[in-house]
Amino acid sequence: MKITTWNINSIRKRLDIVHRVLNEIQPDVLCLQEIKVITELFPYEFFNKLGYVTQYIKGQSGYNGVAILGKFGTIKDVQEMQLSSESRHLSVLLSNGIELHNFYIPAGGDVPDSVVNEKFKYKLQFFDDITAWFLNNRTAKDKIILVGDLNVAPLENDVWSHKQLLKVVSHTPVEIEKINSLYKSIDFLDAIRKFIPPEQKLYSWWSYRNRDWRKSDRGRRLDHIWVTQPLFPYVIEGHIAREVRGYLNPSDHCPVTIQLSKRQ
DNA sequence: ATGGTTGGGGTCCAA
């Protein structure tokens, strides 16, 4: 089973690139963030035609919005966490018994200071809330996959310059502390770094505000796939499709994919 | 230190 997560930055602007990427990767389940559309206007028929007939959408006007799309028979049920008024989470129970959580963590604004920046405060609070939820409602023995745009690059080689980004939102010590608390809550393991070791630079996002993203290569790894310990041995592939950033009319994020062996 | 680009909804805010 293949699972892909992708911050799409407006689903309606990306139908061509989504079509191309789904043909190339062929995931069984696709988790999207920042669909930037109300639930009623999601392109349901577009995904139906591509075989993604199970569709759970939590939309919002203008901002945010998440979706989980599955091929026939992959998804049993859906849930959502009541976290805030914003559309930032959906989870499903997969047919193989695994629980899959899709998050769009708040970006947090420009100034990394909770006193002067409400958005940064909200981001840290959001991490506290979901960490508490996993501590109170799940254990390390459960089969859980957590994916999404977590808007934090925790490792030194998850950013183009550790030193230059220490005071930049997404790589500050306080954010890294928060993402690590979530990571440790039920002993998640990083399914992507299983295949690309922490000594290697690895990014999933490149700003639009660079003349040549490939040349400057000032990326960050903001998009993640974590699994609990019982699933870790069965993750047989992990990949960030970096080349997608260079496709026509791209999102600023790239799709991130894992493959699980048939039996868990 | 600053500005660079994109998207949505409506002539500005968020990323």
Side-chain angles (χ1 to χ4, degrees), chain A residues 5-21 31-44 46 57-67 83-89 102-114 116-127 147-154 158-161 163-172 174-176 178-179 203-224 240 242-256:
Chain A
T5 177
W6 194 6
N7 179 321
I8 201 65
N9 187 18
S10 170
I11 185 60
R12 288 176 293 177
K13 282 269 173 180
R14 307 282 172 237
L15 295 184
D16 288 347
I17 203 175
V18 168
H19 193 163
R20 179 173 177 187
V21 165
C31 296
L32 297 174
Q33 304 88 35
E34 276 205 275
I35 58 175
K36 288 186 174 175
V37 66
I38 56 174
T39 304
E40 297 72 32
L41 292 180
F42 187 84
Y44 294 99
F46 169 84
I57 314 302
K58 189 162 167 55
Q60 186 180 326
S61 178
Y63 311 100
N64 311 320
V66 289
L83 294 160
S84 70
S85 55
E86 300 185 335
S87 299
R88 296 183 175 276
H89 171 261
N102 177 21
F103 283 106
Y104 176 48
I105 304 280
D110 289 331
V111 183
D113 182 342
S114 293
V116 298
N117 177 6
E118 276 294 325
K119 285 185 252 176
F120 193 72
K121 187 179 172 185
Y122 177 53
K123 179 179 196 174
L124 301 186
Q125 185 62 51
F126 198 95
F127 271 112
V147 311
D149 177 2
L150 305 187
N151 263 317
V152 178
D158 289 342
V159 293
W160 62 274
S161 167
K163 205 177 161 188
Q164 285 181 256
L165 285 172
L166 272 171
K167 290 178 180 173
V168 175
V169 172
S170 73
H171 195 62
T172 64
V174 61
E175 291 169 274
I176 292 169
K178 294 296 183 189
I179 199 175
Y203 316 134
S204 65
W205 172 88
W206 289 259
S207 172
Y208 286 127
R209 303 176 200 181
N210 278 320
R211 266 198 201 92
D212 187 337
W213 71 276
R214 208 186 295 268
K215 193 177 170 192
S216 57
D217 200 21
R218 295 185 166 190
R220 306 177 201 170
R221 189 169 71 111
L222 304 177
D223 305 274
H224 300 273
I240 300 181
R242 173 191 167 96
E243 67 281 3
V244 173
R245 185 62 180 78
Y247 288 5
L248 185 66
N249 193 17
S251 167
D252 44 355
H253 295 254
C254 292
V256 182

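What you see is a predicted model; the values in this text were computed from it and never measured. Chain identifiers are assigned alphabetically (A, B, ...) following the order of the sequence lines, protein sequences preceding nucleic acid strands; residue numbering begins at 1 within each chain.
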Next item on the list: Could you give the distance separating B:dA14 and B:dG10 at their P atoms, to the nearest angstrom?
Entry: 14 Å

Notebook entry, point to check: CZ of A:Arg245 versus C1' of B:dA15: gap in Å, rounded?
Noted result: 13 Å

Check: Which residues pass the side-chain hydrogen bond (donor to acceptor under 3.5 Å, both in side chains) test with A:Glu243, sequence neighbours left out?
Finding: none

Notebook entry, point to check: What is the ring orientation for A:Trp206 with A:Trp213, classed by angle as parallel under 30°, tilted 30 to 60°, or perpendicular over 60°?
Noted result: perpendicular

Checklist line | Rounded distance in Å - CZ (A:Phe120) to P (B:dA14) | finding: 17 Å

Check: B:dG9 and B:dC13: how far apart are their C1' atoms, nearest whole angstrom?
Finding: 10 Å

Next item on the list: Please measure how far the P atom in B:dT6 lies from the corresponding atom in B:dT2, and state the result in whole Å.
Entry: 23 Å

Checklist line | Integer angstrom distance from the C1' of B:dG7 to that of B:dT11 | finding: 15 Å

Next item on the list: Just jot down the side-chain hydrogen bond (donor to acceptor under 3.5 Å, both in side chains) partners of A:Asp212, sequence neighbours excluded, or say none.
Entry: none

Notebook entry, point to check: How would nucleotides 2-11 of chain B be written as a contact map, 5' to 3', with B for base contact, S for sugar-phosphate-only contact and - for no contact, using protein heavy atoms under 4.0 Å?
Noted result: --BBSSSS--

Check: In chain order, what residues pass the salt bridge (charged side-chain N to carboxylate O under 4.0 Å, His left out) check against A:Arg221, with sequence neighbours excluded?
Finding: A:Asp158, A:Asp190

Margin query: Taking side-chain contact (heavy atoms from CB on, under 4.5 Å) as the definition, give me every residue that meets it alongside A:Tyr44, ordered by chain and number, with sequence neighbours left out.
Written below: A:Thr39, A:Phe42, A:Gln55, A:Ile57

Note to self: The criterion is side-chain hydrogen bond (donor to acceptor under 3.5 Å, both in side chains); which residues satisfy it with A:Arg220, sequence neighbours excluded?
What the structure shows: A:Ser170

